[in-house]
2 protein chains.
Amino acid sequence: MPRVKLADVARAAKVHPGTASRALSPGQSGQVSPQTVARVVRAAERLGYVPNAQARALRTARSHLVGIVVPDITNPLFPPIVRGAEHVLTAAGYTVLLTDTDNDRERERRQIESLRGRGVDGFIIATAQWEDPLLTDLASAGVPVVLANRSTSCSRWPYVGGDEQAGVRLAVQYLVGLGHRAIVHLAGPQNVSTGRDRVRAFRAAAKEFGLTTADARVTVCQAYSEAQGKAAMRRALRAPRARVTGVVAGNDLIALGALDALAEAGLDCPGDVSVVGFNDMPFVDRIQPALTTVRLPLERMGGLAADLLITELESEGTQDAPTRALLGVDLVVRGSTAPPPRQRARRR
Amino acid sequence: MPRVKLADVARAAKVHPGTASRALSPGQSGQVSPQTVARVVRAAERLGYVPNAQARALRTARSHLVGIVVPDITNPLFPPIVRGAEHVLTAAGYTVLLTDTDNDRERERRQIESLRGRGVDGFIIATAQWEDPLLTDLASAGVPVVLANRSTSCSRWPYVGGDEQAGVRLAVQYLVGLGHRAIVHLAGPQNVSTGRDRVRAFRAAAKEFGLTTADARVTVCQAYSEAQGKAAMRRALRAPRARVTGVVAGNDLIALGALDALAEAGLDCPGDVSVVGFNDMPFVDRIQPALTTVRLPLERMGGLAADLLITELESEGTQDAPTRALLGVDLVVRGSTAPPPRQRARRR
DNA sequence: AGATTCACCACAATCGGTTGCGGTCGATAG
DNA sequence: CTATCGACCGCAACCGATTGTGGTGAATCT
């Protein structure tokens, strides 16, 4: 029942525990004769030796633990990121400590503190806010951090996300190509980078494609939720001199809410109003109407974040400027977009 | 930069590290005078002391780490379970190590081994197969395990899942009540308990409601996937003397596949065939037609699994028979079910 | 006053690996 | 044949917290 420890292996191989340790550690096995290494390895396998990670971590001050912090694992955006990160981390010998902050900053602070107490080597954080004191605390404590999906105002951390700018541009371009001119952006919350980046990109794209500021309006949602999306869409429809045939939603949940609001107002999608989402959540291809949306390579995002963190952990000191990776996105055209009413799509 | 350790606190409070340890540990603080406790606590707070969990775990042989093993975190069934478990675990001072086996047994074996090396106190396992050597290995090593969502042929582990029996019965009862008699069950894989339990329940319910074996057929899918569901539905439609107006799917993914196969065959749902799913995955209320399905209290399931594990961990030895909790389920009636064609719903 | 008890705290061993240092031994050079 | 060198391995300290044991002093009892 008691686990087999290094001393047991050493005894079986008739060597000192220290020697056994060197024999089993790839880097140091040059210090030991090949025969001895073989003997120790064989004994270890025979006894089913699994090193005690706690003891090793205590001595080496490297736990090979990585904390992944997400706001809500139930939000379909995050599981693929976690999955991608976990795959590369485990392949590299790391183990992931997952924590769900429940969108609660205080809880997040406690969780991070607790994970630090557990001696994690670094964090992958998908909850970054635009101004984030928790992150600056971590930075001043010298804890390696990689940001995924959401960035901050300050670019001192490595970051991997989607190319928001390109995604929004694709959406606007597509709507304009269909003939839309009155397009509203139901923006996500402005305290996270995706929310901010997307409105900035929306304004830039509007300008690029010759939409006036009266044509291209913005309403912001307090959260990435269906309820907020519905409320925002209502506001957009009720606005004075309202005129909207196209909607670029801050994400798919907001888009779903927008669809509700449109149905409520007796408007048909895509007959009267076209809607473009963001993220390509699972099953949005099966809703009615199938949602046109921007697809992000989430799993790859998580994997790359893990790669960045690992290189940071194993380069030990050599600090170059933090990488910022923007992954390419695709516009997935489905049923929720069509030419605006009483107007044919223009030819190029 | 170096973390503040117990010795630092002890020095600041002018006591021996051992005394400081007792002062800070709630159970032992009776061994220390109240004034000293206060001094130590104050010093600890002032210095921002966070105990080194590795060292503590090494000494006490209790890591307060719990491994959660899921087949695929991307499957919407599992995030709520993980979330529920994580909430109660962190509240109790435990940290969760998440691992995604990717439905690969060999990978699962390695992951579990690795987590054991990390000294986890126990596991919550959501990947159990009907016959599961990995679990018997854990049992013989004396590792506490709680099964969630899926059980095994042998009931030696505590288990918390949904009341499959009741769920399937509700589905059959509802279809029969609408007037359906030719009902097919597109069963899930038979190497996991949910798949087996649901066909057993289907047969029992069919008998209870007076369906003949020709009326109530079963086709099994190799996996819980849309592709398998579609293939199974095709088989069911093509079967000799096929006659089917009602479908009880092994889960929602299978139901989605079934909908595809029905559309492909030119059959309308619910006009020609009614479909009932299982799990109530997010957004199945928004697909076309909105899916009637059985809802499981997944988050509660995870939470309860965590509770069981914690009591097992903290009872230390007192082994009573393992609890088996079957959580109540609901039938959520939506658009994919209607009376069968050429027949009115019978009055009760 | 002297013996005894009790509260409080210091000491040191311990958990299981890792690693700097030094010792032994055979081989090679001188 | 002896001095030198290097390969190989043993020894013991160490990481940071916990805990059994024992010692000191004051308080209590006789």
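A note on names: the letters A, B, ... follow the listed sequences, proteins ahead of strands, and every chain is numbered from 1.
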For this session: Please report the closest heavy-atom contact between B:Arg150 and B:Thr194, naming both atoms and the distance.
Result: CG-CG2, 4.4 Å
Problem set entry | A:Ser25 side-chain N/O to C:dT18 phosphate OP1/OP2 under 4.0 Å | no
For this session: To the nearest 0.5 angstrom, please state how far the CD1 atom of B:Ile125 sits from the CD1 atom of B:Ile68.
Result: 11.0 Å
Exercise. Tell me: NE2 of B:His16 to P of D:dT18, nearest whole Å?
Worked result: 13 Å
For this session: Using the side chain to side chain donor-acceptor pair (under 3.5 Å) rule, collect all pairs that involve residues 46-56 of chain B, keeping only residues at least two apart or in two chains.
Result: none
Problem set entry | Gap between atoms CZ and C1', on B:Arg118 and C:dG16 respectively (whole Å) | 15 Å
Seminar exercise, completed: To the nearest angstrom, the CZ-P distance between A:Arg62 and C:dT19 comes to 12 Å
Please write out the pairs of protein N or O atoms and N or O atoms of nucleotides 15-17 of chain D separated by less than 3.5 Å, giving the distance to one decimal.
from, atom 1, to, atom 2, distance (Å)
D:dC15, O2, A:Arg59, N, 3.4
D:dG16, OP2, B:Lys5, NZ, 2.5
D:dG16, N2, B:Ala55, O, 3.4
D:dA17, OP1, B:Tyr49, OH, 3.2
D:dA17, OP1, B:Asn52, N, 3.3
D:dA17, OP2, B:Leu6, N, 2.4
D:dA17, O5', B:Tyr49, OH, 3.3

Exercise. Quick one: A:Lys14 NZ to D:dC8 C1', roughly how many Å, whole number?
Worked result: 19 Å
Exercise. OP1, OP2 of C:dC8 versus side-chain N and O of B:Thr36: anything below 4.0 Å?
Worked result: no
Exercise. Under 4.0 Å between a side-chain N or O of A:Thr19 and OP1 or OP2 of D:dG10?
Worked result: yes
For this session: Output, in order, the C-alpha distance, side-chain angles, deciding distance and verdict of side chain to side chain contact (heavy atoms under 4.5 Å, CB included) for B:Val96 and A:Leu97.
Result: CA-CA 6 Å; B:Val96 356; A:Leu97 289 170; over 6 Å; no
Exercise. If every non-hydrogen atom of A:Val9 is compared with every non-hydrogen atom of A:Val4, which pair is closest and at what distance?
Worked result: CG2-CG2, 4.3 Å
For this session: Specify the residue among A:Pro17 and B:Val15 whose closest nucleotide of DNA chain C lies further upstream toward the 5′ end.
Result: B:Val15
Problem set entry | Pairwise distance CD1(A:Ile73) to CZ(B:Arg83) - rounded to 0.5 angstrom | 9.5 Å
Problem set entry | A:Gly18 or A:Gln35, whichever maps to the more 5' nucleotide of DNA chain D | A:Gln35
Exercise. Rounded to the Å, how far apart are B:Arg22 CZ and C:dA7 P?
Worked result: 15 Å
